[in-house]
Structure formats: structure tokens, C-alpha cells
Amino acid sequence: IAAGVLEAIIEMYGVYSRETAMAMASTCKYKYGADIGIGVTGTTGNVDPENEENSIPGVVFFAIAMKDKTIIKEIKVSAETRFEYKLKIAVQIADELLRQEFIRYY
């Protein structure tokens with residue numbers, strides 16, 4: 001199990017997939033007893049040599065597991081550095097939480 005994701009999910013869908021992001025978010029929410037869990041996977045920069053077939057620079061999947069639903073998004077990000085990639089992805093996730101009116105669930 002990597003980041004709480006069953007090997008079967010990774011084998012079937014790949015490390016960089018909607019399904020992996022969803023499993024990460026659900027595991028995070030459950031293991032920490034949190035109101036939400038967020039899972040992010042994708043290639044932020046160079047192609048991953050161990051996952052070349054699924055590694056597309058700038059393609060990121062994120063999932064947000066909430067009380068009664070899970071939102072899964074695929075986004076395309078371009079940046080100069082990994083840090084900049086991470087900031088842009090974090091902004092996208094924050095924007096999605098606001099769009100979902102996350103606060104009304106709690």
C-alpha cells in the first residue's frame with residue numbers, strides 16, 4: 001500500500017489516475033478522522049521514468065472526499081518549478097472547495 005492506495009488500484013489504473021487520487025483522498029479522510037481528505041497525483045515537471053506511459057508533464061488529478069461525496073478533477077498546469085506547480089495546484093483545490101461551498105457541510 002502506497003499512500004494508503006491498494007496495489008490493485010495502482011496496477012489497474014496507474015499511479016497517475018483519477019482512481020488513485022480518489023483512493024488517496026478517502027484514505028486520508030478515514031485515517032485522520034478528518035472532515036475532508038485530499039489526494040493529489042500527477043507529473044509536476046519531468047516524465048517519471050518508472051511510469052512513462054502514465055506520466056504526462058502538467059497533468060494532475062486531485063480528489064476531495066467530503067461527508068457525502070467525492071469530487072475528482074483533472075487539471076493541466078504549466079510552471080517553471082515544482083514549487084510553482086504545487087502552488088498552482090493548491091489554488092485549484094482551494095477554488096474547488098469554495099465552489100462546493102464546503103463550509104455548508106459542517
Side-chain angles (χ1 to χ4, degrees):
I1 298 177
V5 179
L6 298 173
E7 278 296 317
I9 291 173
I10 293 172
E11 287 175 17
M12 184 175 290
Y13 301 105
V15 174
Y16 308 119
S17 67
R18 294 171 180 274
E19 294 80 6
T20 297
M22 185 171 70
M24 291 168 72
S26 297
T27 299
C28 175
K29 182 178 178 296
Y30 172 75
K31 283 194 174 186
Y32 292 104
D35 292 335
I36 66 166
I38 297 171
V40 181
T41 185
T43 306
T44 56
N46 300 328
V47 171
D48 178 353
E50 293 185 27
N51 296 291
E52 288 184 37
E53 67 280 353
N54 294 322
S55 178
I56 303 167
V59 175
V60 175
F61 300 94
F62 72 82
I64 303 169
M66 293 185 265
K67 184 184 291 187
D68 59 351
K69 67 180 174 177
T70 299
I71 297 151
I72 306 164
K73 298 284 182 173
E74 176 181 343
I75 59 174
K76 295 188 182 4
V77 182
S78 62
E80 295 293 320
T81 66
R82 288 177 59 84
F83 180 73
E84 188 180 345
Y85 271 109
K86 291 176 182 184
L87 285 177
K88 288 182 175 186
I89 294 163
V91 167
Q92 293 272 346
I93 292 168
D95 286 348
E96 186 60 38
L97 286 168
L98 290 171
R99 267 193 297 282
Q100 296 298 319
E101 298 179 34
F102 170 72
I103 197 75
R104 73 178 175 178
Y105 289 102
Y106 301 96

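In this text, all values refer to a predicted model and were calculated from it rather than measured experimentally.
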K.L.:
Out of curiosity, Lys73 NZ to Asp95 CG, how far, rounded to the nearest 0.5 Å?
P.N.:
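The distance works out to 11.0 Å.
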
K.L.:
List the steps, then state whether side-chain contact (heavy atoms from CB on, under 4.5 Å) holds for Ile9 with Thr20.
P.N.:
CA-CA 7 Å; Ile9 291 173; Thr20 297; 3.9 Å; yes

K.L.:
Could you see if Ile36 belongs to whatever hydrophobic cluster contains Val40? Use Ile, Leu, Val, Met, Phe, Trp, Tyr and a side-chain cutoff under 4.5 Å.
P.N.:
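Result: yes, single cluster for both.
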
K.L.:
So if you build clusters from Ile, Leu, Val, Met, Phe, Trp, Tyr with side-chain heavy-atom gaps below 4.5 Å, do Tyr13 and Val5 land together?
P.N.:
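Yes, it is one cluster - the side chains of Tyr13 and Val5 are joined through contacts under 4.5 Å.
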
K.L.:
What are the two closest non-hydrogen atoms of Gly39 and Ala25, and how far apart are they?
P.N.:
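Smallest interatomic distance, heavy atoms only, reads N-CB, 3.5 Å.
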
K.L.:
Find out whether Asn54 and Val15 are in side-chain contact, i.e. whether some heavy atom of one side chain is under 4.5 Å from a heavy atom of the other.
P.N.:
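Counting from C-beta outward, Asn54 and Val15 never come under 4.5 Å.
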
K.L.:
Can you tell me how far apart CD1 (Ile56) and CD (Glu53) are? Round to the nearest 0.5 Å.
P.N.:
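Result: 10.0 Å between the selected atoms.
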
K.L.:
Treat each ILVMFWY residue as a node, draw an edge where side-chain heavy atoms are under 4.5 Å apart, and state whether Ile71 and Val77 are in one component.
P.N.:
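Yes, Ile71 connects to Val77 through the hydrophobic network.
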
K.L.:
Looking at CD1 of Ile89 and CD1 of Ile75, how far apart are the two atoms once the value is rounded to the nearest 0.5 Å?
P.N.:
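Between atom CD1 of Ile89 and atom CD1 of Ile75 there are 5.5 Å.
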
K.L.:
State whether the number of non-hydrogen atoms from other residues, nucleotides or ligands found under 6.0 Å of Glu50 atom CD is greater than 12.
P.N.:
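Open: at most 12 neighbouring heavy atoms sit under 6.0 Å from CD of Glu50.
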
K.L.:
Rounded at 0.5 Å granularity, tell me how far CZ in Arg99 sits from CD in Gln92.
P.N.:
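If I round to the nearest 0.5 Å, the distance is 7.0 Å.
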
K.L.:
Might you point out which heavy atoms bring Gly37 and Cys28 nearest each other, and give the distance in Å?
P.N.:
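Minimum heavy-atom contact is CA-SG, 4.0 Å.
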
K.L.:
For Asn46, is the CG atom crowded, meaning more than 12 foreign heavy atoms sit under 6.0 Å from it?
P.N.:
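Atom CG in Asn46 is not crowded, with 12 or fewer foreign heavy atoms closer than 6.0 Å.
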
K.L.:
Give me the atom names and distance for the closest heavy-atom approach of Ser17 to Gly14.
P.N.:
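Here Ser17 and Gly14 meet closest at OG-O, 3.1 Å.
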
K.L.:
Compute whether any side-chain donor of one residue and acceptor of the other, for Gln100 and Glu96, lie under 3.5 angstrom apart.
P.N.:
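Result is yes, a qualifying pair exists.
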
K.L.:
Nearest 0.5 Å, please: how far is CZ in Phe62 from CZ in Arg18?
P.N.:
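Here the interatomic distance stands at 10.5 Å.
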
K.L.:
Nearest 0.5 Å, please: how far is CD1 in Ile38 from CE in Met24?
P.N.:
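Here the interatomic distance stands at 11.0 Å.
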
K.L.:
Measure across Phe61 and Ala21 and return the closest heavy-atom pair with its distance rounded to 0.1 Å.
P.N.:
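Looking at all heavy atoms of both residues, the shortest contact is O-CB, 3.9 Å.
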
K.L.:
Looking only at non-hydrogen atoms, find the nearest pair between Pro57 and Gly45 and report the distance.
P.N.:
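The pair with the smallest heavy-atom distance is CB-O, 3.1 Å.
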
K.L.:
Kindly check if the number of other-residue, nucleotide or ligand heavy atoms within 6.0 Å of NZ (Lys86) is above 12?
P.N.:
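At most 12 heavy atoms, drawn from other residues, nucleotides or ligands, come within 6.0 Å of this atom.
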
K.L.:
Pick one: which of Val60, Ile10, Asp48 meets side chain to side chain contact (heavy atoms under 4.5 Å, CB included) with Tyr16?
P.N.:
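The residue from Val60, Ile10, Asp48 that satisfies side chain to side chain contact (heavy atoms under 4.5 Å, CB included) with Tyr16 turns out to be Asp48.
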
K.L.:
Which atoms form the tightest heavy-atom contact between Tyr85 and Ala79, and what is the distance?
P.N.:
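Result for this residue pair: N-CB, 3.6 Å.
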
